[in-house]
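What you are looking at is a predicted structure, and each value in this text was computed from that prediction instead of being measured.
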Amino acid sequence: QEQAVATRVKAVAKTLDGKSDYQKIKYINDYITSHVSYRNIGTLAHTAYGALHYGKAVCQGYTLLMYRMLLACGIDNRMIVGTGFNGERSASHSWNIIKLKGAYYNNDVTWNDTVPANRYFLRGNDYFIATHQSDKEYQSTSFRTSYPLSNTDYV
């Protein structure tokens, strides 16, 4: 499984040679949302392998695949765990923070796979905190110093 993921991630990353970091991030986000459907297929739904091989994953699988693909393109990012609020209920959730031009932006590739598409693409904290709350370890001063999150959306 690891070899299959590494091979596919490397192949996608190679197609992005010469593109800007923004173009790479957008392509990867759109690649995942067009190739993966939100579906719990058991343990594999929580993995990048499940997302790539079966095209089905829960938020952890989406987030891990985004993490792996961005790293393969040389783009720093972190997987964040916390709670998502969809207006009706809250649930455990994960998303990425992605470094672009010196700041980190929130990106929820799982929720970008809903209508309207890409509502949570490269968002600043001012927008994001209405629907996402990271776990306490991601709110510490040391974490925020190491990974400075933008308050405004990437434009």
Side-chain angles (χ1 to χ4, degrees), residues 1 4-5 8-16 19-101 103-136 138-139 147-155:
Q1 290 177 4
V5 170
R8 185 69 187 136
V9 164
K10 187 176 181 179
V12 170
K14 185 153 182 60
T15 68
L16 299 174
K19 303 286 187 190
S20 71
D21 284 351
Y22 175 84
Q23 290 170 320
K24 291 173 185 177
I25 295 164
K26 181 74 167 96
Y27 180 89
I28 291 167
N29 180 85
D30 293 350
Y31 177 90
I32 293 170
T33 61
S34 67
H35 286 83
V36 181
S37 298
Y38 189 90
R39 187 152 174 214
N40 191 342
I41 56 170
T43 305
L44 288 176
H46 299 268
T47 67
Y49 179 77
L52 274 176
H53 185 72
Y54 295 103
K56 296 175 179 25
V58 295
C59 60
Q60 186 177 4
Y62 275 84
T63 304
L64 285 168
L65 182 56
M66 185 85 175
Y67 174 81
R68 295 282 300 269
M69 289 183 140
L70 289 170
L71 284 183
C73 288
I75 298 172
D76 191 31
N77 76 105
R78 295 291 178 269
M79 183 174 159
I80 304 296
V81 177
T83 303
F85 310 98
N86 71 1
E88 298 175 14
R89 64 183 181 91
S90 62
S92 295
H93 193 51
S94 65
W95 59 92
N96 302 85
I97 59 170
I98 303 169
K99 188 174 185 179
L100 186 58
K101 295 191 177 180
Y104 286 83
Y105 296 88
N106 297 288
N107 193 77
D108 188 339
V109 68
T110 309
W111 285 12
N112 285 341
D113 197 14
T114 61
V115 176
N118 294 326
R119 187 181 337 174
Y120 299 95
F121 181 74
L122 296 179
R123 291 294 194 155
N125 269 345
D126 291 346
Y127 181 88
F128 213 71
I129 61 171
T131 54
H132 295 73
Q133 178 69 52
S134 60
D135 285 351
K136 294 216 182 291
Y138 306 108
Q139 299 175 27
Y147 307 101
L149 280 164
S150 176
N151 286 322
T152 58
D153 299 343
Y154 185 81
V155 179

Within the side chain of H35, is there an N or O that forms a donor-acceptor pair under 3.5 Å with the backbone of Y31? yes
CZ of R119 to CG of D108, rounded to nearest 0.5 Å, is 10.5 Å
Which value, rounded to the nearest 0.5 Å, describes the distance between Y27 atom OH and C73 atom SG? 10.0 Å
Where is the tightest heavy-atom contact between A51 and G61, given as atom of each residue plus distance? CB-O, 4.0 Å
4.5 Å side-chain heavy-atom contact, Y105 and L149: no
Taking every heavy atom of I129 against every heavy atom of D126, the minimum-distance pair comes out as CG1-O, 4.2 Å
Is any side-chain heavy atom of I32 closer than 4.5 Å to one of M69? yes
Approximate separation, where rounding is to 0.5 Å, of I80 CD1 and S134 OG: 6.5 Å
Could you go through K56 and V36, starting from their C-alpha distance and side-chain angles, then the distance that decides it, and tell me whether this counts as side-chain contact (heavy atoms from CB on, under 4.5 Å)? CA-CA 5 Å; K56 296 175 179 25; V36 181; 5.8 Å; no
Check for a donor-acceptor pair, side chain of Y62 on one end and backbone N or O of H46 on the other, with a separation under 3.5 Å. no
Taking Q133 for the side chain and G82 for the main chain, is one N or O donor matched with an acceptor at less than 3.5 Å? no
Going by side chain to side chain donor-acceptor pair (under 3.5 Å), name the pairs with one or both residues in residues 68-83, residues two or more places apart or in two chains. E2-R68, D76-R78, D76-Y104, N77-N96, R78-Y147
Of all the heavy-atom pairs spanning H93 and G84, show the shortest one and how long it is. CB-N, 3.6 Å
Taking the six-membered ring for Trp, are the ring centroids of W95 and F128 within less than 6.0 Å of each other? yes
Got a second to check how far M66's CE is from T63's OG1, nearest 0.5 Å? 9.0 Å
Counterpart residues, side chain to side chain contact (heavy atoms under 4.5 Å, CB included), relative to Y22 (two or more places apart): S20, K26, L100, F121, L122, Y154
Which residue, D30, N29, T33, forms the side-chain hydrogen bond (donor to acceptor under 3.5 Å, both in side chains) with N112? N29
Indicate yes or no: at least one non-hydrogen side-chain atom of L64 is less than 4.5 angstrom from one of M79. yes
4.5 Å side-chain heavy-atom contact, N107 and I97: no
Spacing of OG1 belonging to T47 relative to CG belonging to L65, to within rounding of 0.5 Å: 9.5 Å
Can you tell me how far the CG atom of L44 sits from the NE2 atom of H53, to the nearest 0.5 Å? 8.5 Å
Looking at R39, is its backbone amide N or carbonyl O close enough to the side chain of S37 to form a donor-acceptor pair, meaning the two atoms are under 3.5 Å apart? no
Quick one: does T110's side chain get under 4.5 Å of V58's, heavy atoms only? no
Flag this pair as yes if the NZ/CZ of R123 is under 6.0 angstrom from the six-membered ring centre of Y127 and inside a 45 degree cone about the axis; otherwise no. yes
Any donor-acceptor N or O pair under 3.5 Å, side chains N106, H132: no
Trace of the side-chain contact (heavy atoms from CB on, under 4.5 Å) decision for I25 with L70: CA-CA 7 Å; I25 295 164; L70 289 170; 3.8 Å; yes
